Novice: 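Can you read through this structure? Questions will come right after.
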Amino acid sequence: PPAKPLFVNSFQKESIEWKKVRNLYRQKINEPLINVKTHRGNSIKVTQEHPFLVARQEGLVWVKSSQLRIGDYICMASYINSTHNLCLGQDLPSLLAWQITEGWESSKKYACSITQKGEGCFILQDLAQKVLKSTVKIQKPKKGCTFIRFYSNAYGNLLTSLGYEWGHKSANKKMPSAFSCLDRPTMAKFLQIMFDAEGHAGTCGVEFSSASKRLIEQVKSLLLVFGIRSSFSVMRKCATNGSRIYRTYYRIMISGEDLRIFEKEIKFFYKYKNDVLEKSVSKKHNPNTGIPYISNIQNLIKLGATNSM
C-alpha cells in the first residue's frame, strides 16, 4: 500500500469518484512513452498499449495510445463525484489556501509567513488567530508587502497528519490529497481563496496560475467536483517574489458556460474581482459544438470492452 494517503479518479457505476488507492504495482517496460495532449491542453504520458475510450464515426471504441489519430475525441470526465466525508470546518482549509498561494514555509520547523495587502491582511490575521488560538501580529516592513508570521507545532502536525508536505517552495507546493474529500461548502471556500490569491478575472474568463504543476492539476480536479471544466497551458513570466527571474508557470483558464458555474458555485471574495466576473459572464459565449456528449457512458464502456476482446 502507499506510504501516504493517495487518491485517484475512479469510474464507479455511473460516475467518476475519488477513491483511495489501496495497492501500487510497478511494471517494467522497454519502449518510448507516448505523450497524449488534448485541445484543452490536458496531457498524460502513457505506454503504447494504454487504451483510451474514443468516439469515432463507427461508435465508441477502445484505442491503444499508439493508434490514436489527430482529431480523435477522447472521453474525459466533465464531473467528479466526491465523497465529501472530510469535515474540518472552513477556517483551517481557508488558512492553508492562503499559506499555499501566498506563504513561505521554513523547511526546518513549522514556521510560516503569509503576505497580504490592505484589508486582506487584517482578515488573514483574524483567520490565523482563530485557527492557531493565539495572537498573530501583522508585520509592516518599510519596503515590500505586509505579512503575518507564526510558528505552531500543533498546526504543523495537524496538517502533516492530513498528508500536507511542509517546507516546499512554490514550484513544489501541493494541497493534501485528502482535501479531495472535503465537504462541498468547505471545498468551495478553499477554491475561492485560492483564486482570490492567485486568480485573475478578465473579459475572456478567469485564470489561475502557479509555479507548481501538481497544484494546478489538483485545482483542475477540484473544479470538476462542481462540473467546472478548464483548459491548461504553460507560460514563462517573471516570478512574483521580486527576484524578476523568468520561470515556468502553469495556468488553467475557465470560460464559456463553465464560467457561469464558477460564478454560481465558487466566485471571488473580493468585490472588484466579482464585478469583472459578472461582466464576463453577462457576455454572449460560443459553447463548443460538434463534440459528442455521451450520457449512457456505463453501458458504452461495457460494450466497448466486450468488442475489444
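These numbers were taken from a predicted model, which means no experiment stands behind them.
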Novice: Would R260 and E263 pass as an ion pair if we require N to O under 4.0 Å?
Specialist: no

Novice: Is the shortest side-chain heavy-atom distance between K37 and N42 below 4.5 Å?
Specialist: no

Novice: Is I261 linked to L224 within one hydrophobic cluster, defined over Ile, Leu, Val, Met, Phe, Trp and Tyr using a side-chain heavy-atom separation of less than 4.5 Å?
Specialist: yes

Novice: Hey, does F150 have a side-chain heavy atom less than 4.5 Å from the side chain of C112?
Specialist: yes

Novice: Test S65 against every option in T47, N35, I44, V46 by the side chain to side chain contact (heavy atoms under 4.5 Å, CB included) rule and name the one that passes.
Specialist: V46

Novice: Using 0.5 Å steps for rounding, measure from the CE atom of M175 to the OG atom of S212.
Specialist: 11.0 Å

Novice: Testing the basics here: between I123 and F269, what is the closest heavy-atom pair and its distance to 0.1 Å?
Specialist: CD1-CE2, 3.6 Å

Novice: Side chain of T146, backbone of Q116: donor and acceptor closer than 3.5 Å?
Specialist: yes

Novice: Could you walk me through whether F208 and Y249 pass ring-ring contact (aromatic ring centres under 6.0 Å, His included), step by step?
Specialist: CA-CA 10 Å; F208 176 86; Y249 281 84; over 10 Å; no

Novice: Check whether any side-chain heavy atom of W166 lies under 4.5 Å from a side-chain heavy atom of Q99, and answer yes or no.
Specialist: yes

Novice: Could you point out which residue of T186, L96, L162 forms a side chain to side chain contact (heavy atoms under 4.5 Å, CB included) with L88?
Specialist: L162

Novice: Are V131 and S152 side-chain neighbours, meaning at least one heavy-atom pair lies under 4.5 Å?
Specialist: no

Novice: Can you tell me which residue among E217, K213, E165 is in a side chain to side chain contact (heavy atoms under 4.5 Å, CB included) with K174?
Specialist: E165

Novice: Could you label the plane-to-plane angle of the F232 and Y250 rings as parallel, tilted or perpendicular, counting under 30° as parallel and over 60° as perpendicular?
Specialist: parallel

Novice: Within the structure provided, determine whether K279 and T203 are in side-chain contact (heavy-atom separation under 4.5 Å).
Specialist: no

Novice: Do other residues, nucleotides or ligands put more than 12 heavy atoms under 6.0 Å from the CD atom of E58?
Specialist: yes

Novice: How far apart are the closest heavy atoms of C121 and I138, and which atoms are they?
Specialist: SG-CG2, 3.6 Å

Novice: Under the side-chain contact (heavy atoms from CB on, under 4.5 Å) criterion, do M235 and S209 qualify, and how do the steps go?
Specialist: CA-CA 9 Å; M235 59 184 177; S209 61; 3.7 Å; yes

Novice: Check whether the ring centres of Y73 and F52 lie less than 6.0 Å apart, and answer yes or no.
Specialist: no

Novice: With side chains defined as the heavy atoms from C-beta onward, is the minimum distance between I254 and F195 less than 4.5 Å?
Specialist: yes

Novice: Hey, are the side chains of R184 and E265 touching, using non-hydrogen atoms and a 4.5 Å cut-off?
Specialist: yes

Novice: So, taking the atom named CG in L277 and the one named OG in S282, what distance separates them when rounded to the nearest 0.5 Å?
Specialist: 9.5 Å

Novice: Return the CG to CG distance between L222 and L191, rounded to the nearest 0.5 Å.
Specialist: 5.0 Å

Novice: Got a second to check how far I266's CD1 is from M187's CE, nearest 0.5 Å?
Specialist: 9.0 Å

Novice: If every non-hydrogen atom of A211 is compared with every non-hydrogen atom of S170, which pair is closest and at what distance?
Specialist: CB-OG, 4.0 Å

Novice: Going through the checks in order, is the side-chain contact (heavy atoms from CB on, under 4.5 Å) test met by Y164 and L158?
Specialist: CA-CA 9 Å; Y164 184 68; L158 176 57; over 6 Å; no

Novice: Take C204 and M253 through the side-chain contact (heavy atoms from CB on, under 4.5 Å) test and state the conclusion after the steps.
Specialist: CA-CA 9 Å; C204 297; M253 186 76 179; 4.0 Å; yes

Novice: Looking only at non-hydrogen atoms, find the nearest pair between A128 and I148 and report the distance.
Specialist: CB-CD1, 3.8 Å

Novice: Decide yes or no on side-chain contact (heavy atoms from CB on, under 4.5 Å) for F262 and V281, but give the supporting numbers first.
Specialist: CA-CA 10 Å; F262 180 87; V281 169; over 6 Å; no

Novice: If we ignore hydrogens and angles and just use 3.5 Å, is the side chain of Q129 paired with the main-chain N or O of V136 as donor and acceptor?
Specialist: yes

Novice: Considering all heavy atoms of both residues, which atom of M76 and which atom of T38 are nearest to each other, and what is their separation?
Specialist: SD-CG2, 3.9 Å

Novice: More than 12 foreign heavy atoms under 6.0 Å from CD of E31: is that the case here?
Specialist: yes

Novice: Supply the atom-to-atom distance K173 NZ to H168 NE2, rounded to the nearest 0.5 angstrom.
Specialist: 10.0 Å

Novice: Counting only heavy atoms not in E278, do more than 12 fall under 6.0 Å of its CD?
Specialist: no

Novice: Kindly indicate whether the side chain of D196, heavy atoms from C-beta on, has any atom under 4.5 Å from the side chain of Q192.
Specialist: yes

Novice: Ignoring hydrogens and angles, tell me if any N or O in the side chain of Q48 forms a donor-acceptor pair with the backbone of P32 under 3.5 Å.
Specialist: yes

Novice: Give a yes or no on whether K273 atom NZ has more than 12 heavy-atom contacts from other residues, nucleotides or ligands under 6.0 Å away.
Specialist: yes

Novice: Rounded at 0.5 Å granularity, tell me how far CD in Q90 sits from CZ in F190.
Specialist: 12.5 Å

Novice: Between D183 and C87, is there a donor-acceptor pair closer than 3.5 Å when you use the side chain of the first and the backbone of the second?
Specialist: no

Novice: Would a hydrophobic clustering, with Ile, Leu, Val, Met, Phe, Trp and Tyr connected at side-chain separations under 4.5 Å, put Y110 with W104?
Specialist: no

Novice: Determine, using the 4.5 Å side-chain heavy-atom cutoff (strictly less than), whether F268 and V276 are members of one ILVMFWY cluster.
Specialist: no

Novice: For K130, what residues pass the salt bridge (Lys or Arg N to Asp or Glu O under 4.0 Å) criterion, not counting sequence neighbours?
Specialist: D126

Novice: Indicate if L215 and V234 have the same hydrophobic cluster label, given that clusters are the connected sets of ILVMFWY residues with side-chain heavy-atom separations under 4.5 angstrom.
Specialist: yes

Novice: Have a look at D258 and tell me which of K220, K264, R229 forms a salt bridge (charged side-chain N to carboxylate O under 4.0 Å, His left out) with it.
Specialist: R229

Novice: Are F122 and F147 connected in a single hydrophobic cluster, I mean Ile/Leu/Val/Met/Phe/Trp/Tyr linked by side-chain heavy atoms less than 4.5 Å apart?
Specialist: no

Novice: Minimum heavy-atom separation for T115 and C145, please, with both atom names.
Specialist: CB-CB, 4.4 Å

